[in-house]
Protein chains: 4
Amino acid sequence: MSDVTRNGGRRAARKRDDVLAAACSVVAERGADATRFTDVTAATGVGVSTLQYYFGSREDMLIAVFRFAAQSDFDAVEARLGGVTGPWERLVVIASHLTGAVGSDAGWRLWVESWRWALRDPDVRAEVLGDYTRWHVLIAEIIAAGVAQGVFQTDAAPMDVARQALALVDGLALPVALGDPQVTGAMAGDLLADALGRLVGLRPAAAP
Amino acid sequence: MSDVTRNGGRRAARKRDDVLAAACSVVAERGADATRFTDVTAATGVGVSTLQYYFGSREDMLIAVFRFAAQSDFDAVEARLGGVTGPWERLVVIASHLTGAVGSDAGWRLWVESWRWALRDPDVRAEVLGDYTRWHVLIAEIIAAGVAQGVFQTDAAPMDVARQALALVDGLALPVALGDPQVTGAMAGDLLADALGRLVGLRPAAAP
Amino acid sequence: MSDVTRNGGRRAARKRDDVLAAACSVVAERGADATRFTDVTAATGVGVSTLQYYFGSREDMLIAVFRFAAQSDFDAVEARLGGVTGPWERLVVIASHLTGAVGSDAGWRLWVESWRWALRDPDVRAEVLGDYTRWHVLIAEIIAAGVAQGVFQTDAAPMDVARQALALVDGLALPVALGDPQVTGAMAGDLLADALGRLVGLRPAAAP
Amino acid sequence: MSDVTRNGGRRAARKRDDVLAAACSVVAERGADATRFTDVTAATGVGVSTLQYYFGSREDMLIAVFRFAAQSDFDAVEARLGGVTGPWERLVVIASHLTGAVGSDAGWRLWVESWRWALRDPDVRAEVLGDYTRWHVLIAEIIAAGVAQGVFQTDAAPMDVARQALALVDGLALPVALGDPQVTGAMAGDLLADALGRLVGLRPAAAP
DNA sequence: TATGAATGAGAGTTCATTCAT
DNA sequence: GATGAATGAACTCTCATTCAT
């Protein structure tokens, strides 16, 4: 394979990823069921046939979008966790990312779209549950570390606390995404921090 | 007019409600976007044009389903709360209902479908937020009563605790609905009870 | 048959005629093909079933409209011809009526709708040709009288001249109805009078 | 691109035109309002979706038919005028074409369909008025030439005479198209020639 | 590698009509 | 005499997909 070909391949792969990123926005805005090839076409300037060439069927494209979005989310959080060492602060980073308090709520919307698709598609379900577990494990590790460091105080299993914590995050993202006037982003952040603090047994001294 | 006419009207209204109930099942199973007139037709034996005669457009039918399901949910919980007086027990009733620990998870699925639709339709959003507030208020009243009776101990505003509690319920329903093998219904119930207890400051003496 | 019944019948017949008149307006505005029961319903407040009770099928209703409109037109012209005695003046009355220079162009539009329907429906064609002949005869009589009185001068058969005259009227109504900015109603009237004058050999002395 | 591609494009364009020509017949026979996609499908063997791919919506197809027919008409007359030089003869060519004395009356029917559509659609109206003016101008030029050559004798403006002449043609086409037994094609031709002669002041010497 | 042409399947909607009252 | 409920037929349109280039 010549350099030219390889460069072409790389360029093509990059273009495919660009299209994928644009498709994410479209799916986040319109919803997966309502996303047609034409919508992605309009958002990217790439023809319908080309999309099919890249992804296969429409369903394959949507699944590619879910996977891409999930990975992007995880990557983004890992990047933001990079310099943060305190268990409580790490928890807050994750929470604020997922509730969309930082960044747009496209991530959360795609998360919901993935859930929904997973309800009916076994393959997607497996992937979503896997991602779900990745979050649980990540959070559980933070909690275990917090307990070990004496920042948190709880005798519950870290994995259980992680499940409770992630449930809280997901559940609080809803009214924010819906634009509930009674639950603004800032309020949601406070409610979330307060509840997380109670769940992990945040010791008063460490409270903000 | 005559009794016959009135009965005819009543019978018609009942038939419409029967269709609506069946449509709820269909939407819960297939998802709102994927629910076609023909799907409801297959589930009810009623012709497509009759569905349109009853509901108007397909969208109107879906919205009718959302409304019907939300009201049914609320009615069911109120019925189940009928003989329950203890604040903690009342809270558990609500939680167990919403996570589908009792009854099918059709209710929760429809709840998710409503959210999703609400993200894009302002009218539905207003209704969903209204329903959301109804739950908040119901839970807040229980919490306030629990605090007054000394069963709960928290200095947070009951409405805020209610928001945290409902978020937990919503968030924990997700893995259950997805059939996460690591979070069965029973486990979710325990996790939920434990977390709710921490949030409302359930006094040890009252713990089950 | 009691008086009450007869009055009821008369009242019913009048109502039917009112509906028919309203239906004429609807057909003139929307065109026969595009006129639905619903459109007439909206214009009259009468329910669809009642329209069917009055007229039978939709097609029957349209044919009733054509017949009603044709008769109304003829009646209106005869009324306007009542006090007019001069052949040239009588001709002008007819011309001005048909081109819609006087009154709305609903009459002309319905005339066109009748033509079109007649192209495909033999029964309507027979009626339209009959009406057409009525106009020819009426005009031919006027021309014969004009020639007899020495107001017109032509050696052509009056019936032939009548056919030419009516053709002119019909043909000039078109651009007026279309709102051709180059052929206003007044201009059309002048063109028509001029051309009719030439066709019937209007003697200069009688020219306006 | 390549010859093959270009041929493909040309072939496609030709096919579209074939379909258009067939659609003209269908519209002429059934009327525009009554022309369904399936009617054109039956007449061409081309699938419904292909028609939509070619023309867009059903309305767009009808408008394409109108435009195509109008242009065809004009082209045909220009072709027939090719070798004819005498003003009177040229006038007769136009008249005989428009009344369908030569060729089928599909052209005239489509002309009527265009009028009708133009009554309700502003875009079509503009096009129809434009075509109308083209005919007016063509006829006016002939009349002016005839006057200049001394074949015609009239002091009216050529454009006005053209309007009268075209009105006559349109108006006489009606009974012919309707199959009025009292006005056969030949008679209509005579009536038309006679009336046109009077309108343009055809000098006896030049009469046929 | 990338894309336009063509097409079939399926959906929502309109509308006249029938039936019962 | 008049009308609402219910329903089947027909139509337009959208959209994913296949084929050829």
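Given the structure is predicted, the values throughout are model-derived calculations rather than measurements. Proteins come first, then strands; the chains are lettered A, B, ... in the order of their sequence lines, and each starts at number 1.
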Notebook entry, point to check: Quick check: does any side chain N or O of A:Arg30 sit under 3.5 Å from a backbone N or O of A:Arg36, one acting as donor and the other as acceptor?
Noted result: no
Checklist line | Nearest-Å distance for atom pair CG/P, residues A:Leu51 and F:dT18 | finding: 15 Å
Item checked: Nearest-Å distance for atom pair NZ/P, residues C:Lys15 and F:dA2 -> 6 Å
Next item on the list: Would you tell me if any nitrogen or oxygen in the side chain of D:Thr50 comes within less than 4.0 Å of OP1 or OP2 on E:dA6?
Entry: no
Notebook entry, point to check: Just checking C:Tyr53: base, sugar-phosphate only, or nothing, at a heavy-atom cut-off of under 4.0 Å?
Noted result: base
Notebook entry, point to check: Over how many whole Å does the gap from A:Arg14 atom CZ to E:dA2 atom C1' extend?
Noted result: 19 Å
Item checked: Residue mapping more 5' on DNA chain E - nearest nucleotide basis, C:Phe37 or B:Phe37 -> B:Phe37
Notebook entry, point to check: Which of these nucleotides, F:dT3, E:dA16, E:dT13, is closest to any side-chain atom of C:Val46?
Noted result: F:dT3
Check: Separation of B:Arg30 atom CZ from E:dA11 atom C1', in whole Å?
Finding: 12 Å
Item checked: Spacing of B:Asp39 atom CG relative to E:dA11 atom C1', expressed in whole Å -> 11 Å
Next item on the list: Go through the steps for D:Leu119 and C:Val112 under the test side-chain contact (heavy atoms from CB on, under 4.5 Å), then give the verdict.
Entry: CA-CA 11 Å; D:Leu119 281 172; C:Val112 173; 5.6 Å; no
Check: Any idea which of F:dT12, E:dT13, F:dA6 is nearest the B:Tyr54 side chain?
Finding: F:dA6
Notebook entry, point to check: Taking for each residue the nucleotide of DNA chain F with the nearest heavy atom, is it A:Thr35 or B:Val48 whose nucleotide lies nearer the 5' end?
Noted result: B:Val48
Check: Of the nucleotides F:dT12, F:dT17, E:dG12, which has the atom closest to the B:Arg58 side chain?
Finding: E:dG12
Notebook entry, point to check: Where the side chain of B:Ser49 is concerned, which of F:dT14, E:dT14, E:dT17 is the nearest nucleotide?
Noted result: E:dT14
Check: Angle class for the C:Trp108/D:Trp115 ring planes (parallel below 30°, perpendicular above 60°, tilted otherwise)?
Finding: tilted
Check: Tell me: CZ of C:Phe55 to P of E:dC15, nearest whole Å?
Finding: 19 Å
Item checked: Complementary nucleotide of E:dT21, counting Watson-Crick and G-U pairs under 3.5 Å -> F:dA2
Next item on the list: Mind calculating the distance between CD (A:Gln52) and P (E:dA2) to the nearest angstrom?
Entry: 15 Å
Check: Is a side-chain N or O of D:Ser114 found less than 3.5 angstrom from the main chain of D:Phe66, in a donor-acceptor match?
Finding: no
Next item on the list: Scan every strand shown for a Watson-Crick or G-U wobble partner of F:dC15, both distances under 3.5 Å, and answer none if you come up empty.
Entry: E:dG8
Note to self: Output the rounded distance in Å from CG (B:Asp60) to C1' (E:dA11).
What the structure shows: 16 Å
Item checked: Nearest-neighbour nucleotide for the C:Ser57 side chain, E:dT17, E:dA6, F:dC15 considered -> E:dT17
Item checked: Salt-bridge present (A:Arg116, B:Glu113; N to O < 4.0 Å) -> yes
